[in-house]
Amino acid sequence: MRGLLEKAKAWARALKRDILALWIAARDPRTPWHAKAVAGVVAAYALSPIDLIPDFIPVLGYLDDLVIVPLGIALAVRLVPPVLMAAYREKAALRESRPRSLAGAAAIAALWLLAIAASVFWMYRILG
């Protein structure tokens, strides 16, 4: 059981490092544009303080943290050339602070506001 817990902790540390490495990749001109786009979206979402699916929603709230984010990271890592990804991982390991993505938070907040506005409009048309 202890070995499983250690493996889970190592996996979580690797995910955190890869998120930071993707954030670095999204800003490096050597990264291909398609990898840069995916890395930027994944890093912005992972570093955003706002979740697309709030954690207080049972089961679904943790779905993005446990499934969507790791799958996005895996896709972005595959798109970044291995030599560059290794360099980004080294840079990420040396950084102490984790960046915040205010743009990612703004995008998620905008999606929520759009969904609320659409719901209000729909309810008004149905009931009004």
Side-chain angles (χ1 to χ4, degrees):
M1 183 69 171
R2 184 173 204 144
L4 183 62
L5 185 61
E6 291 303 318
K7 285 182 182 180
K9 285 181 181 180
W11 182 69
R13 281 191 297 273
L15 279 179
K16 286 182 180 181
R17 183 207 59 220
D18 282 352
I19 290 168
L20 186 53
L22 291 173
W23 181 77
I24 294 167
R27 286 154 179 76
D28 192 321
R30 298 176 295 166
T31 305
W33 70 269
H34 60 283
K36 189 180 284 199
V38 173
V41 168
V42 169
Y45 181 73
L47 296 171
S48 170
I50 301 173
D51 283 345
L52 185 62
I53 306 169
D55 289 341
F56 64 81
I57 297 174
V59 181
L60 292 178
Y62 292 106
L63 182 68
D64 64 339
D65 297 330
L66 297 175
V67 177
I68 297 170
V69 172
L71 287 176
I73 292 170
L75 173 64
V77 166
R78 285 180 159 245
L79 292 175
V80 175
V83 174
L84 291 177
M85 194 64 202
Y88 300 146
R89 283 179 172 148
E90 278 184 33
K91 285 183 183 178
L94 296 175
R95 281 185 87 106
E96 290 184 20
S97 64
R98 184 181 124 166
R100 289 184 306 158
S101 176
L102 296 179
I108 299 300
L111 283 174
W112 273 104
L113 289 174
L114 184 65
I116 290 168
S119 297
V120 168
F121 179 74
W122 179 72
M123 291 295 283
Y124 180 75
R125 288 193 62 172
I126 296 289
L127 301 175

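In this structure, L127 is not a member of the same hydrophobic cluster as V120, with clusters built from ILVMFWY side-chain heavy atoms closer than 4.5 Å. By the criterion of side-chain heavy atoms lying less than 4.5 angstrom apart, applied directly or through intervening Ile, Leu, Val, Met, Phe, Trp or Tyr residues, V41 is not grouped with W112; the two fall into different hydrophobic clusters. Residues V69 and V80 share a single hydrophobic cluster, defined by chaining ILVMFWY side chains whose heavy atoms lie under 4.5 Å apart.
Within the 3.5 Å criterion, the main-chain N or O of A21 finds no donor-acceptor partner in the side chain of K91.
Taking all atoms of both residues into account, the shortest heavy-atom contact from A35 to T31 is CB-CG2, 3.9 Å. Contact detail for P32 and P81: the closest heavy-atom pair is CD-CD, 3.6 Å. Pairing each heavy atom of A46 with each of I19, the nearest pair is CB-CD1, 3.7 Å. The heavy-atom pair separating R17 from A93 by the smallest distance is CG-N, 4.3 Å.
Evaluated for a side chain to side chain contact (heavy atoms under 4.5 Å, CB included) with V42, the options L22, L79, L75 yield exactly one hit, L22.
Rounding to the nearest 0.5 angstrom, the gap separating the OH atom in Y45 from the CD1 atom in I73 is 11.5 Å. Separating the CG atom in D18 from the CG atom in L15 is a distance of 6.5 Å, to the nearest 0.5 Å. Between the CZ atom of F121 and the CD1 atom of I126 there is a distance of 10.5 Å, given to the nearest 0.5 Å.
I24 has its side chain out of reach of E90: every pair of non-hydrogen atoms, C-beta onward, lies at least 4.5 Å apart.
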